[in-house]
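One structure is given here, and the rest of the page talks about it.
Labels below follow one simple rule: chain letters A, B, ... track the order of the sequence lines, proteins then strands, and each chain is numbered from 1. Just so it is clear, the structure is predicted and the values come from calculations on it, not from any experiment.
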Amino acid sequence: MAVYECLSEISNKIIANKDFLTELDREIGDSDHGINLSRGFTAVLEKVSKDEQDMGVSLKKAGMTLLSTVGGASGPLYGTAFMEAAKVLTGKTELNAQDFLAALDAAIAGIQKRGKAVKGEKTMLDAIIPARDAYAEKINAGADLIAGLEAAVKAANDGVEYTKTIIATKGRASYLGERSIGHQDPGATSSTLTLEAILDYLKNK
Amino acid sequence: MTGIVIVSHSWKIAEGVRDLALEMAAGYDDKIIAAGGLDDENKTIGTDAMKIMQAIIKANQAADNGGVVILADIGSGIMSAQTAIELLSESDDDNEKNINVKLADAPIVEGAVCAAVEAVGGGDLEAVLNAAESARGESKL
Ligand SMILES: Nc1ncnc2c1ncn2[C@@H]1O[C@H](COP(=O)(O)OP(=O)(O)OP(=O)(O)O)[C@@H](O)[C@H]1O
Ligand SMILES: [Mg+2]
């Protein structure tokens, strides 16, 4: 599978939502999340080979590129997530439902290693962890990759809504304390967009 | 000898902290390295784990492999520095893998000055790290 095409779908979605993500970060951060990620994914498409079929190779390249081009916390966080997922998918050229779960687990472990956050701190984890759990439940009940991802995207969107109700205790938004309530987390939003883009890519493949 | 790397979101802060530290560390120009901002022409605000990794390698070389202490600012400054340390530890190149590098739990300006004074006085990695971290408890008033 040419991961390039999937990364391109993610990049398009992030760039289409650049202003929206930056606006969310203006409310509770430093107004750069959309700019950061757009810069990062633009660079990713310049670095990743269009024809590479080994998913691990492409994801590793993407992760390394994000580490050095995003600039904000989402750089080392998404970068580490992609690089940890790459380790699980190295040598594989087709994506199946179980491997995607293993990749999601590795990505989450990477984000937690890097950022030391847990669920409920108003970060990207509040979208990704529920998405992972919904996905696992679906595929363990026999659903395929796409049905699993549909459940994941729904749970991630619910997670974004949930971030509006809680106080940030990690990242820049934590400086705002109580004033962070009422705003949705930019990173939870971008990670939900990322999952949506992966789903769109797989559906249209 | 011990090298020092200064990490900030801002290119100007990293360069400025380095200038300040060098005032008390004559001859350490090549051993105190700034890794601020992104690696583009605009010196965009942000942190870059790869740029930090290269700075660690250079500072360690200049310090005759004596190791490197990192001073970093907030948020992704810390995360990118930790990422750089991890990339080195996983490197295929034995020279890179064996670099002794520590991230100081210290305020960047005061920590860098204390670290530089200790380094130029001949302090090893542990001593420079302790000097940087001693800045954390210093009361200013
Ligand atoms: N420790 C963490 N663990 C998990 N996610 C985090 C953590 N810190 C920040 N985030 C996520 O990163 C998003 C912000 O990303 P962005 O690229 O704007 O970084 P930033 O906060 O501007 O970075 P910096 O630390 O460089 O100022 C947040 O909305 C949050 O979801
Ligand atoms: Mg930000």
Side-chain angles (χ1 to χ4, degrees), chain A residues 22 25 28-40 42-43 46-47 60-84 86-87 90 109-117 121 123-124 168-176 186-187, chain B residues 5-15 33-58 70-93 96-97 101-105 107-108:
Chain A
T22 298
D25 198 30
I28 55 169
D30 54 354
S31 320
D32 63 4
H33 191 58
I35 299 168
N36 287 348
L37 287 183
S38 297
R39 180 172 56 235
T42 301
E46 286 163 12
K47 292 278 164 131
K60 181 172 182 194
K61 189 83 183 178
M64 301 276 267
T65 305
L66 293 173
L67 288 182
S68 67
T69 56
V70 170
S74 51
L77 292 165
Y78 276 102
T80 305
F82 276 65
M83 286 171 74
E84 295 298 325
K87 289 181 188 165
T90 296
I111 293 167
Q112 295 195 296
K113 167 176 75 174
R114 192 61 65 224
K116 307 198 172 64
E121 296 198 86
T123 71
M124 53 179 70
T169 50
K170 282 283 185 313
R172 285 222 184 208
S174 64
Y175 295 133
L176 274 81
Chain B
V5 168
I6 316 286
V7 174
S8 173
H9 282 67
S10 155
W11 183 85
K12 286 184 195 165
I13 289 180
E15 292 295 332
I33 299 185
L38 297 188
D39 217 5
D40 56 19
E41 359 184 291
N42 303 325
K43 305 191 169 75
T44 303
I45 296 260
T47 61
D48 171 351
M50 299 298 169
K51 183 173 179 170
I52 298 167
M53 186 175 88
Q54 293 310 324
I56 297 169
I57 294 169
K58 264 172 73 181
I70 308 177
L71 277 301
D73 68 0
I74 52 177
S76 71
I78 304 295
M79 280 190 229
S80 289
Q82 288 169 329
T83 306
I85 294 172
E86 197 174 292
L87 289 173
L88 285 169
S89 73
E90 291 172 356
S91 171
D92 298 330
D93 178 332
E96 293 182 0
K97 203 187 178 94
V101 48
K102 294 268 197 267
L103 176 59
D105 185 2
I108 180 165

TODO: Count the heavy atoms belonging to other residues, nucleotides or ligands that lie under 6.0 Å from NZ of B:Lys51, then report whether that count exceeds 12.
DONE: yes
Task: Nearest-0.5 Å distance, CE of residue A:Met83 to CD of residue B:Glu86 - done: 8.0 Å
Task: Shortest non-hydrogen separation from B:Met79 to A:Pro76 and the atoms involved - done: CB-CG, 3.7 Å
Task: Under 4.5 Å from a heavy atom of chain B, the part of A:Met64 involved - done: both
TODO: Over all heavy atoms of both residues, which pair between A:Ser68 and B:Met50 is shortest? Give the atoms and the distance, please.
DONE: CB-CG, 3.4 Å
Open item on the list: For the OG1 atom of A:Thr80 and the CG atom of B:Leu87, what is their distance to the nearest 0.5 Å?
Closed with: 8.0 Å
- [ ] Check whether B:Ile74 gets within reach of chain A through its side chain, its backbone, both or neither, counting any heavy atom under 4.5 Å.
- [x] side chain
- [ ] Decide yes or no for B:Thr44 and A:Arg39: does some side-chain heavy atom of the first lie under 4.5 Å from some side-chain heavy atom of the second?
- [x] yes
Without placing hydrogens or testing angles, list every side-chain donor-acceptor pair under 3.5 Å for residues 168-175 of chain A, not counting sequence neighbours.
unit_1   : atom_1 : unit_2   : atom_2 : d
A:Thr169 : OG1    : A:Glu121 : OE1    : 2.7
A:Lys170 : NZ     : A:Lys116 : O      : 3.3
A:Lys170 : NZ     : A:Glu121 : OE1    : 3.2
A:Lys170 : NZ     : A:Glu121 : OE2    : 3.4
A:Arg172 : NE     : A:Asp30  : OD2    : 3.1
A:Ser174 : OG     : A:Gly171 : O      : 2.6

Task: Closest non-hydrogen atom pair, B:Ser76 against A:Gly71 - done: OG-O, 3.4 Å
Open item on the list: Shorter than 4.5 Å, heavy atoms on both sides: which option in A:Asp32, A:Thr69, A:Leu67, A:Asn36 has the most such pairs with chain B?
Closed with: A:Leu67
Task: Rounded distance (nearest 0.5 Å) linking atom OG1 of B:Thr83 with atom NZ of A:Lys113 - done: 8.5 Å
